[in-house]
2 protein chains.
Amino acid sequence: MDAEKRKQLEAAGWVVGNTSDFLGLTPAEAELVELKTRLALLVKEQRKVHNLSQDALAQKIGSSQSRVAKIESGDPSVSLDLIVRALFNTGATRQQLAQVILDSE
Amino acid sequence: MDAEKRKQLEAAGWVVGNTSDFLGLTPAEAELVELKTRLALLVKEQRKVHNLSQDALAQKIGSSQSRVAKIESGDPSVSLDLIVRALFNTGATRQQLAQVILDSE
DNA sequence: TGCAAATATGTCAAATCTGACATAAAATTA
DNA sequence: TAATTTTATGTCAGATTTGACATATTTGCA
């Protein structure tokens, strides 16, 4: 595993451990983590494109600023449901969602 | 659904009159429900394509037969995380996932 | 038909995710 | 610069989701 990527994941709170531990993840598990991370970044991008503060987005999804911050930082306590719910509320399209999925390595 | 709201949705390009609208969901919420429903169906398709029983798939994702049944039936207690985790464990590709998202009405 | 495998449905305690809150830090503005 | 807004981080009780289990129903096949 790329050291830089592990650093990013750990900084985001994912329990990564050493390289062999990461390789111990099944491909399916790794794909899910990768997917959530990329969608989280898209939320941040879209929110900024539409000039929304984290607090404004939080209102739209009935949540709080601190949780939106966690969504965007890829916090492991955040569900895929919440990420996608946030995405759709930033005005992101299904096409953008699909593109991110296709791009996920 | 009240006429004014219908007018607004139609002006925004939404096809009104389906189940989601009846339930009073926002467009974003409706998209999420639609997405989960379609992905749930893909899980069932993929599982059968690969000749897996619900119990066999359950083992792969560390769950149980009854929960796999709930995933595939679109049970509201099932998270998007679990649906996607199941999907990847049936051998579904990111391409298939993206296609379903693009096809969602 | 009868039987076995597969699937569906309801329940529940435990695990996970949640919004809310406090507060710190960073960014933006005056 | 200081003041204001925005974002980040930690915590936690309540809500949601979970696997497991029991059991009913359906399906497929001899």
Side-chain angles (χ1 to χ4, degrees), chain A residues 7-17 25-26 28-30 32-33 35-37 39-92, chain B residues 23 25-26 28-30 32-33 35-37 39-92:
Chain A
K7 207 169 169 186
Q8 293 174 345
L9 286 176
E10 287 175 343
W14 295 98
V15 177
V16 176
L25 292 180
T26 66
E29 288 167 352
L32 183 56
V33 170
L35 183 53
K36 291 179 72 169
T37 301
L39 292 178
L41 293 178
L42 182 58
V43 169
K44 190 165 195 171
E45 282 178 19
Q46 283 294 299
R47 178 178 62 79
K48 293 196 169 180
V49 164
H50 290 85
N51 285 315
L52 292 171
S53 64
Q54 289 183 343
D55 196 57
L57 176 53
Q59 308 289 39
K60 280 177 174 283
I61 64 176
S63 184
S64 61
Q65 177 271 324
S66 61
R67 186 134 299 271
V68 171
K70 288 177 175 68
I71 290 173
E72 296 183 354
S73 69
D75 190 290
S77 79
V78 176
S79 72
L80 183 55
D81 296 71
L82 189 59
I83 295 172
V84 175
R85 180 171 293 113
L87 252 189
F88 284 145
N89 277 281
T90 61
Chain B
L23 293 175
L25 302 179
T26 66
E29 287 168 344
L32 182 56
V33 170
L35 184 53
K36 290 178 72 168
T37 301
L39 292 177
L41 293 178
L42 183 57
V43 169
K44 190 164 193 169
E45 282 178 19
Q46 283 294 301
R47 179 178 62 79
K48 293 195 169 180
V49 164
H50 290 86
N51 286 315
L52 292 171
S53 64
Q54 290 183 342
D55 197 57
L57 175 54
Q59 308 290 36
K60 281 177 173 283
I61 64 176
S63 183
S64 61
Q65 177 271 323
S66 61
R67 186 133 299 270
V68 171
K70 289 177 175 68
I71 291 173
E72 296 183 353
S73 70
D75 190 290
S77 79
V78 176
S79 72
L80 182 55
D81 296 70
L82 190 59
I83 294 172
V84 174
R85 180 171 291 113
L87 251 189
F88 284 144
N89 277 281
T90 62

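Just so you know, these numbers use all the heavy atoms, side chains as well, and skip hydrogens, waters and symmetry mates. Bear in mind the structure is a predicted one, so any value in this text is a computation, not a measurement. Order of the sequence lines fixes the chain letters, A, B, ..., with proteins taken first and strands second; residue numbering starts at 1 for each chain.
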### Message
Determine whether A/S77 and A/D75 satisfy the following criterion, side-chain hydrogen bond (donor to acceptor under 3.5 Å, both in side chains), listing intermediate values before the conclusion.
### Response
CA-CA 5 Å; A/S77 79; A/D75 190 290; 2.8 Å; yes
### Query
Rounded to the nearest Å, what distance is computed from the CD atom of residue B/E72 to the C1' atom of nucleotide C/dA6?
11 Å
### Message
Check this for me: does the side-chain of A/K70 come within 3.5 Å of the base of D/dG10 through a donor and an acceptor?
### Response
yes
### Task
In whole angstrom, give the distance that lies between atom CG of B/D75 and atom C1' of C/dT11.
12 Å
### Query
Just to confirm, is there a sub-4.0 Å distance from OP1 or OP2 of D/dT17 to any side-chain nitrogen or oxygen of A/S79?
no
### Query
Across the strands shown, which category fits B/S63 at heavy-atom distances under 4.0 angstrom: base, sugar-phosphate, nothing?
sugar-phosphate
### Task
Send over the distance from B/D81 CG to C/dC17 P, rounded to a whole Å.
7 Å
### Query
Does any donor-acceptor pair link the side chain of A/Q65 with the base of D/dA8 at a separation under 3.5 Å?
yes
### Task
Spell out yes or no: do the side chain of B/S66 and the base of D/dC21 have one donor N/O and one acceptor N/O closer than 3.5 Å?
yes
### Message
Checking contacts here: which listed nucleotide (D/dT17, C/dT18, D/dG19) is nearest the side-chain heavy atoms of B/L82?
### Response
D/dG19
### Task
With rounding to the nearest 0.5 Å, note down the distance linking CG in B/L80 to CZ in B/R85.
10.5 Å
### Message
Please list, in numerical order, the residues of residues 41-51 of chain A that have a heavy atom closer than 4.0 Å to any atom of DNA chain D.
### Response
A/K44, A/R47
### Task
Mind running a 4.0 Å heavy-atom check of residues 52-61 of chain B against DNA chain D and sending the residues that fall below it, in number order?
none
### Message
Let me confirm one number: the CD-OG1 distance from A/E45 to A/T90, rounded to the nearest 0.5 Å.
### Response
10.0 Å
### Query
Quick one: does A/K36's side chain have a donor or acceptor within less than 3.5 Å of a partner on A/V78's backbone?
yes
#### Entry: Donor-acceptor contact present, side-chain B/E29 to main-chain B/T26, <3.5 Å
yes
### Task
Scan A/V68 against the nucleic acid and name what it touches under 4.0 Å (heavy atoms): base, sugar-phosphate only, or nothing.
nothing
### Query
Which one of B/I83, B/L87, B/T37 satisfies the side-chain contact (heavy atoms from CB on, under 4.5 Å) criterion with B/L42?
B/L87
### Query
Can you check the A/I71 CD1 to D/dT9 C1' distance for me, whole Å?
15 Å
### Task
Write down the atom of B/S64, the atom of B/A58, and the distance for their closest heavy-atom approach.
C-CB, 3.3 Å
### Message
B/E72 and side chain to side chain donor-acceptor pair (under 3.5 Å): which single residue from B/Q54, B/K44, B/R67 fits?
### Response
B/Q54
### Query
For the pair made of CG in B/L32 and C1' in D/dT16, what is the distance, rounded to whole Å?
15 Å
### Query
Does A/S77 or B/R67 map to a spot on DNA chain C nearer the 5' end, using the closest nucleotide for each?
B/R67
### Query
Does the A/N89 side chain pair with the main chain of A/I61, one donor and one acceptor, at a distance under 3.5 Å?
no
